[in-house]
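Note that the structure is a prediction, hence the values are computed from the model and not measured.
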Amino acid sequence: MFSMNSKNKNLIEDLIKKIVDTPNNSDLYLDLANIYLSEQEYDLAINVYESLLSIEPFNFIALSNLGNIFFYKGDFIKSINYYSRAANLDVDNFSLYYNLGNAYAEIGEFKQSMSNYIKALNMDKNDYKVYSAIALLYQDQQNYEESLIYHDKALKLNNNLPENYTNIAFVLMKLGQNLQAAEQFKNAIKLDPNNTTYLLYCANAYSAAENYPEANSLYESVLLKDNNYYQAYICYGISLFEQNDIEKAIKMYEAAIEIDKSIINGYMLLGNLYSSIEQYDKAIEFYNKVIELAPADSNAYTLLGNTYVMLKDLRSAISAYKQAIDIEPENDEIKLIYIEIIQEYINNKDNENAA
């Protein structure tokens with residue numbers, strides 16, 4: 001048997017014996033499943049709940065808990081099936097409809113998700129989680145104005161949760177209202193002043209608003225609190241590049257790479273930076289490093305091809321574009337560039353021969 005504490009092991013053995021003796025006692029199944037859940041043995045809990053449903057098909061607890069388990073496992077279709085069977089029992093249960101809304105949202109069923117969220121709201125209009133969920137649903141539809149309305153409702157119901165401020169901030173950034181977003185991130189920071197992620201979000205918002213002094217101050221604060229924060233170096237580097245502080249941007253990207261040499265982002269950004277300042281040999285070096293780490297990254301091959309074009313090395317460019325097409329054959333844009341470069345290469349050869 002799997003590893004577990006001796007107390008639970010004894011309880012399980014005792015419950016199994018009792019189930020054998022009284023197989024129609026639903027409480028025994030529920031008790032056994034609860035122990036398996038406490039041990040995070042979800043497959044065993046599923047087996048127990050399904051055994052219970054074979055003798056008691058309308059057991060609400062078994063149905064709803066199976067919905068929860070399959071949602072946790074990422075099997076949203078099965079989750080919806082069990083939640084729906086529980087809902088068919090005419091039970092007015094807030095959590096059930098909220099969970100159904102979440103499951104439908106995971107598979108992109110906007111109408112079904114919204115319908116269940118509305119049912120949940122009809123049972124409890126003061127639960128901020130439903131308003132947040134509806135807001136995120138609209139956000140997925142890129143309906144940011146409607147999303148903002150529901151995030152605001154969630155905030156009014158719970159203004160002590162940092163995430164309710166950051167949710168609003170992200171939508172404001174989508175709407176281009178970066179300074180307003182920064183203020184919302186600052187509200188989250190007030191509630192959780194040591195959260196370096198919120199500080200980084202706030203710095204990014206100020207950078208997007210081109211308030212670089214405020215952004216740089218916050219980036220420095222983040223790195224002071226955590227000098228191993230990979231993403232902070234990346235974001236600071238991007239901001240510094242936008243400020244045309246090339247030398248310092250390079251240092252930030254290099255610092256990120258030192259923290260984790262297995263992540264391609266730093267190499268890619270350095271390649272782009274060196275390409276932008278026409279240091280193409282260095283750009284090629286970093287694009288090749290990306291390819292070494294992520295050989296299926298078609299974008300790296302495309303950027304490598306673009307760089308070879310700038311160096312007038314059309315043969316190498318053609319090879320790079322061909323690699324990109326092999327990885328992403330449905331990308332018509334790369335195909336068009338590939339054909340154009342081949343044609344240019346042929347024309348150059350013809351001109352050389354004619355000369």
Side-chain angles (χ1 to χ4, degrees), residues 1-109 112-134 136-137 154 157-158 160-161 163:
M1 183 175 280
F2 54 86
S3 176
M4 67 165 57
N5 67 61
S6 58
K7 180 181 177 181
N8 279 346
K9 184 176 179 181
N10 292 335
L11 284 172
I12 287 171
E13 291 175 352
D14 183 54
L15 284 167
I16 290 173
K17 289 177 183 176
K18 288 179 178 178
I19 288 171
V20 171
D21 293 335
T22 55
N24 293 321
N25 187 332
S26 61
D27 289 339
L28 296 174
Y29 291 89
L30 295 176
D31 289 342
L32 179 58
N34 282 338
I35 296 174
Y36 285 137
L37 289 177
S38 72
E39 294 285 343
Q40 299 183 2
E41 292 291 341
Y42 301 112
D43 289 337
L44 292 173
I46 288 170
N47 291 339
V48 174
Y49 284 131
E50 289 181 342
S51 296
L52 172 55
L53 290 175
S54 68
I55 61 170
E56 196 175 308
F58 304 114
N59 187 288
F60 176 80
I61 295 174
L63 291 169
S64 57
N65 282 359
L66 280 168
N68 293 339
I69 294 170
F70 281 112
F71 186 94
Y72 175 81
K73 289 168 70 72
D75 191 338
F76 303 113
I77 299 299
K78 282 188 178 179
S79 177
I80 288 168
N81 173 50
Y82 283 110
Y83 283 146
S84 297
R85 286 169 63 183
N88 286 337
L89 300 177
D90 292 327
V91 177
D92 288 336
N93 186 290
F94 168 86
S95 294
L96 176 62
Y97 288 108
Y98 173 67
N99 291 338
L100 255 175
N102 291 339
Y104 275 116
E106 289 289 345
I107 62 171
E109 291 287 345
Q112 291 279 17
S113 180
M114 183 64 75
S115 173
N116 282 286
Y117 286 144
I118 296 301
K119 289 176 183 177
L121 279 180
N122 287 337
M123 295 172 203
D124 185 354
K125 288 183 167 58
N126 294 312
D127 193 300
Y128 77 91
K129 295 191 300 294
V130 189
Y131 293 101
S132 290
I134 292 173
L136 292 172
L137 200 60
L157 288 167
N158 187 340
N160 291 313
L161 190 69
E163 288 81 0

Contact list for residues 70-82, test side chain to side chain donor-acceptor pair (under 3.5 Å), sequence neighbours left out
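Every side chain to side chain donor-acceptor pair (under 3.5 Å) pair that includes a residue of residues 70-82, provided the two are not neighbours, is D43-K73, E50-Y82.
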As an exercise, state the distance from [atom1] of [X] to [atom2] of [Y], rounded to the nearest 0.5 Å.
X    : Y    : atom1 : atom2 : answer
L121 : M114 : CG    : CE    : 9.5 Å
N65  : N34  : CG    : CG    : 7.0 Å
L37  : I46  : CG    : CD1   : 9.0 Å
L96  : L63  : CG    : CG    : 9.5 Å
I35  : L44  : CD1   : CG    : 12.0 Å
L137 : S132 : CG    : OG    : 12.5 Å

Partners meeting side chain to side chain donor-acceptor pair (under 3.5 Å) with [X] (sequence neighbours left out):
X    : result
E106 : none
E109 : none
N116 : none
Y131 : none

List for me each residue that meets side-chain contact (heavy atoms from CB on, under 4.5 Å) alongside [X], sequence neighbours excluded, and say none if there are none.
X    : result
S51  : Y29
E56  : S26, L52, N59
A120 : F94, Y97, Y98, V130
N126 : D124, L157

Quick one, [X] and [Y] - any side-chain contact, counting heavy atoms below 4.5 Å?
X   : Y   : value
I19 : N25 : no
N47 : Y36 : no
R85 : L66 : no

All salt bridge (Lys or Arg N to Asp or Glu O under 4.0 Å) counterparts of K18, not counting sequence neighbours:
D14
For D31, what residues pass the salt bridge (Lys or Arg N to Asp or Glu O under 4.0 Å) criterion, not counting sequence neighbours?
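So D31 forms no salt bridge (Lys or Arg N to Asp or Glu O under 4.0 Å) with any residue.
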Yes or no on side chain to side chain donor-acceptor pair (under 3.5 Å) for Y83 and N68, after CA distance, side-chain angles and deciding distance?
CA-CA 8 Å; Y83 283 146; N68 293 339; 2.5 Å; yes
Begin with the C-alpha distance, continue with both residues' side-chain angles, and end with the deciding distance and a verdict on side chain to side chain contact (heavy atoms under 4.5 Å, CB included) for L30 and Y49.
CA-CA 7 Å; L30 295 176; Y49 284 131; 3.9 Å; yes
With sequence neighbours excluded, tell me which residues meet ring-ring contact (aromatic ring centres under 6.0 Å, His included) with F71.
F76
Minimum-distance pair of heavy atoms, taken over all atoms of L89 and F58
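Between these two residues, the closest heavy atoms are CD1-O, 3.4 Å.
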